[in-house]
Amino acid sequence: HSRHGESRVSGGGLSTPEEHVREFVNQIKADVEASTGKSYTKFHAVTYRSQVVAGTNYKVKVEIDDGNYLHVSFFKPLPHTGAASELKGVEEGKTGTDDL
């Protein structure tokens, strides 16, 4: 088993979202809806990849309504900085089989 906070796949590969990733995706749902101008009933993290820099860059495949998907990118700074996480981008019109 991996330790908390580490990707289960090294080298930026795809992983099943751990609890902290799912929680954060839920927290940024309103920001994503504001970015797309849409409201989602379903908003479920499916897979993700992360890259550690001065914090962590995440890219998450999110399942939304009607079997559609979004690719959501965000940056989560290191905790000691006290900085807020930042939504970096939302790609609409994705499918469950699109590369992340």
Review point. Thr56 and Ser50: which non-hydrogen atoms are nearest, and at how many Å?
Key: CG2-CB, 3.6 Å
Study note, to complete from the structure: Between Ala83 and Pro77, the two heavy atoms sitting closest are O-CG, 3.5 Å
Point to revise | Interatomic spacing from CG in Asp99 to OG1 in Thr47 - rounded to 0.5 Å | key: 10.0 Å
**Study point:** Heavy-atom side-chain contact between Val25 and Tyr58 under 4.5 Å
**Key:** no
Review point. Got a second to check how far Glu91's CD is from Ser35's OG, nearest 0.5 Å?
Key: 11.0 Å
Exercise for review: Could you pull out the closest heavy-atom pair between Thr16 and Tyr48, with the gap in Å?
Suggested key: O-CE2, 3.6 Å
Practice item. Please work out which of the three classes, parallel, tilted or perpendicular, describes the rings of Phe74 and Phe24, given edges at 30° and 60°. Key: tilted
Practice item. Provide the closest heavy-atom pair for Lys76 versus Ser85 in the form atom of the first, atom of the second, distance. Key: CG-OG, 3.4 Å
Exercise for review: Could you tell me the separation between the CG atom of Leu87 and the NZ atom of Lys29, rounded to the nearest 0.5 Å?
Suggested key: 14.5 Å
Practice item. Please identify each residue that fulfils side chain to side chain donor-acceptor pair (under 3.5 Å) with Asn57, with sequence neighbours left out. Key: none
Practice item. Report yes or no: do Ile28 and Val90 belong to one cluster of Ile/Leu/Val/Met/Phe/Trp/Tyr joined by side chain heavy-atom distances under 4.5 Å? Key: yes
Review point. Hey, what do you get for CD (Gln51) to CZ (Phe75), rounding to the nearest 0.5 Å?
Key: 10.0 Å
Review point. What is the distance from atom CG of Leu70 to atom CD of Glu63, rounded to the nearest 0.5 Å?
Key: 10.5 Å
Exercise for review: Say whether, by atom type as modelled, one donor and one acceptor occur between the side chain of Asn68 and the main chain of Asp65 under 3.5 angstrom.
Suggested key: yes
Practice item. Quick one: closest heavy-atom pair of Ser73 and Lys59, and the distance? Key: OG-CG, 3.8 Å
Point to revise | From CG (Asp31) to CD (Glu86), nearest 0.5 Å | key: 10.5 Å
**Study point:** Closest heavy-atom pair and its distance - Pro17, Arg22
**Key:** O-NH1, 2.6 Å
Point to revise | Under the side chain to side chain donor-acceptor pair (under 3.5 Å) test, residues paired with Lys38 that sit two or more places apart | key: Glu92
Check your understanding: Between the main-chain N or O of Tyr40 and the side-chain N or O of Glu33, is there a donor-acceptor pair closer than 3.5 Å?
Key -> yes
Point to revise | Residues which pass side chain to side chain donor-acceptor pair (under 3.5 Å) with Thr95, listed by chain and number, not counting sequence neighbours | key: Thr97, Asp98
